[in-house]
*Asks:* 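Questions regarding the structure given below will be posed in turn.
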Amino acid sequence: MRVLLVEDERALAEIISDVLREERFDVDVAYDGTEGLEMALTENYDVIVLDRLLPGLDGLEVCRRLRYEQIETPVLILSALGDMPQRVEGLDVGADDYLGKPFAFEELLARIRALARRASHAVLPDMLEVGAIRLDQQRRSVTLAGRPVELSQREFALLEYLMRNAGQVLTRDQILEHVWGYDADPAGNAVDLYVHYLRRKLGHGHCPAPIETVRGIGYRMDG
Ligand code: CA
């Protein structure tokens, strides 16, 4: 899966592309609108992630020109200008999705996957399974031993991240960055609290939820 990322904030571009590469996307990065447009017109991408405020051409203009050139690659606009009228403006120039900054990587990834899926009409593996827990990414639903489990959006994102990395130790920082976003408060105990919620909802009978505490580091879901 090839992704073009157009983002002028270099530090952010680097973090986003690292996260995407971790998820096995092929990522090309452009640091201004002119370069981004050029790459989008000459290469084939599955998804384009476009910052809105860019030197050269701004994101809206890049998107408008792509559509004018009949490039139909799905475009997700990222922007600090995340209010409703601005989102509408973005969608009106032909973007497929609009995500306000700051955002959580897990949400960015979910949206990119959704766009890629719509574009390719391919059947991607949407079902994750660990023990008696099944998570359906497309329907956003979870069952435990066949019974539906109600999860909040944040709980769902956390569970999805743990399940996709089952068997691996994830540090609290990794979890925080993926599920809460790059500007989440690292001093808070959100991660521990939400793991506690998940354990409560996902244990059954005498079986505790398969989320292990790795002392001093973070958590691991049994793989
Ligand atoms: Ca920018």
Side-chain angles (χ1 to χ4, degrees), residues 1 3 15-25 27 47 49 76 97 99-118 122-223:
M1 184 102 65
V3 177
I15 305 176
I16 297 175
S17 49
D18 282 352
V19 169
L20 291 173
R21 287 187 184 114
E22 255 176 55
E23 303 290 324
R24 299 192 194 86
F25 289 103
V27 189
V47 176
V49 178
L76 185 157
D97 200 358
L99 183 59
K101 287 178 177 175
F103 52 84
F105 291 120
E106 204 58 15
E107 181 170 11
L108 176 65
L109 289 168
R111 288 176 183 238
I112 291 175
R113 279 196 299 270
L115 288 179
R117 199 157 51 219
R118 261 183 267 157
V123 185
L124 296 175
D126 286 321
M127 204 67 92
L128 298 171
E129 206 170 341
V130 171
I133 304 166
R134 283 172 70 96
L135 179 148
D136 185 329
Q137 288 174 318
Q138 208 158 4
R139 296 209 171 104
R140 314 293 294 166
S141 66
V142 173
T143 58
L144 175 66
R147 293 210 188 96
V149 180
E150 290 294 326
L151 296 181
S152 69
Q153 267 187 329
R154 191 75 81 188
E155 290 166 348
F156 185 91
L158 174 59
L159 181 64
E160 184 179 2
Y161 184 52
L162 290 169
M163 287 179 82
R164 275 198 294 109
N165 295 285
Q168 288 178 45
V169 179
L170 299 168
T171 66
R172 279 188 182 76
D173 283 350
Q174 279 176 314
I175 295 172
L176 202 62
E177 192 177 282
H178 267 84
V179 180
W180 275 264
Y182 45 90
D183 67 351
D185 171 21
N189 65 346
V191 173
D192 302 311
L193 190 63
Y194 275 79
V195 166
H196 168 75
Y197 294 154
L198 280 184
R199 280 179 172 151
R200 229 173 29 189
K201 293 185 177 181
L202 296 173
H204 69 121
H206 296 292
C207 294
I211 305 169
E212 218 184 301
T213 304
V214 182
R215 210 195 298 188
I217 301 177
Y219 295 97
R220 173 173 55 209
M221 183 133 213
D222 296 348

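Keep in mind that the numbers below use all heavy atoms, side chains included, and drop hydrogens, waters and symmetry copies.
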*Asks:* Provide the closest heavy-atom pair for Phe105 versus Glu177 in the form atom of the first, atom of the second, distance.
*Replies:* CD1-O, 3.2 Å
*Asks:* Using side-chain hydrogen bond (donor to acceptor under 3.5 Å, both in side chains) as the criterion, point out the one residue from Thr171, Asp192, Thr213, Asn165 that pairs with Tyr219.
*Replies:* Asp192
*Asks:* Considering all heavy atoms of both residues, which atom of Val27 and which atom of Arg21 are nearest to each other, and what is their separation?
*Replies:* O-NH2, 3.0 Å
*Asks:* Under 3.5 Å, side chain of Glu155 to main-chain N/O of Ser152, donor-acceptor pair present?
*Replies:*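 Side chain of Glu155 to backbone of Ser152, a donor-acceptor pair under 3.5 Å: yes, one is there.
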*Asks:* Are Lys201 and Val142 side-chain neighbours, meaning at least one heavy-atom pair lies under 4.5 Å?
*Replies:*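 No; the side chains remain at least 4.5 Å from each other.
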*Asks:* Could you give the distance from CG (Leu176) to CG (Leu170), rounded to the nearest 0.5 Å?
*Replies:*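 Interatomic distance, Leu176 CG to Leu170 CG, rounded to 0.5 Å: 12.5 Å.
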*Asks:* How long is the gap from OH on Tyr161 to CG on Leu109, to the nearest 0.5 Å?
*Replies:*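 Spacing of OH (Tyr161) from CG (Leu109) equals 9.5 Å.
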*Asks:* Calculate, to the nearest 0.5 Å, the distance between atoms NE2 and CZ belonging to His204 and Arg147 respectively.
*Replies:*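 Rounded to the nearest 0.5 Å, the NE2-CZ separation comes out at 9.5 Å.
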*Asks:* So which heavy atom on Gln137 is nearest to which on Phe156, and how close?
*Replies:* CA-CZ, 4.5 Å
*Asks:* Only one of Ile133, Leu193, Ile211 clears side chain to side chain contact (heavy atoms under 4.5 Å, CB included) with Leu198; which?
*Replies:*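 The residue from Ile133, Leu193, Ile211 that satisfies side chain to side chain contact (heavy atoms under 4.5 Å, CB included) with Leu198 turns out to be Ile211.
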*Asks:* I need the Leu159 CG to Met221 CE distance, nearest 0.5 Å.
*Replies:*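 The distance works out to 5.5 Å.
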*Asks:* CG/Leu158 to CG/Leu151 distance, rounded to the nearest 0.5 angstrom?
*Replies:* 9.5 Å
*Asks:* side-chain contact (heavy atoms from CB on, under 4.5 Å), that's the test. Do Ile112 and Leu20 meet it? Break it down for me.
*Replies:* CA-CA 10 Å; Ile112 291 175; Leu20 291 173; 3.6 Å; yes
*Asks:* Could you tell me which non-hydrogen atom of Arg140 sits nearest to which non-hydrogen atom of Glu160, and how far apart they are?
*Replies:*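 Nearest heavy atoms, Arg140 then Glu160: NH1-OE1, 3.7 Å.
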*Asks:* Is it true that Arg164 and Glu22 have a side-chain N and a carboxylate O under 4.0 angstrom from each other?
*Replies:* no
*Asks:* Hey, what do you get for CG (Asp18) to CD (Glu23), rounding to the nearest 0.5 Å?
*Replies:*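 Going from CG on Asp18 over to CD on Glu23, the span is 12.0 Å.
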*Asks:* Does Gln153, at its CD atom, have more than 12 non-hydrogen atoms belonging to other residues, nucleotides or ligands within less than 6.0 Å?
*Replies:*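 Result for CD/Gln153: open.
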*Asks:* Tell me the closest heavy-atom pair linking Ala116 and Met1, and the distance in Å.
*Replies:*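 So the minimum-distance heavy-atom pair works out to CB-SD, 3.3 Å.
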*Asks:* Would you call Glu106 and Arg154 a salt bridge, using N to O less than 4.0 angstrom?
*Replies:*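 Here Glu106 does not pair with Arg154 in a salt bridge, since their nearest N and O are not under 4.0 Å apart.
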*Asks:* What are the two closest heavy atoms between Arg220 and Gly167, and how far apart are they?
*Replies:*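 Residues Arg220 and Gly167, closest heavy atoms: CD-O, 3.4 Å.
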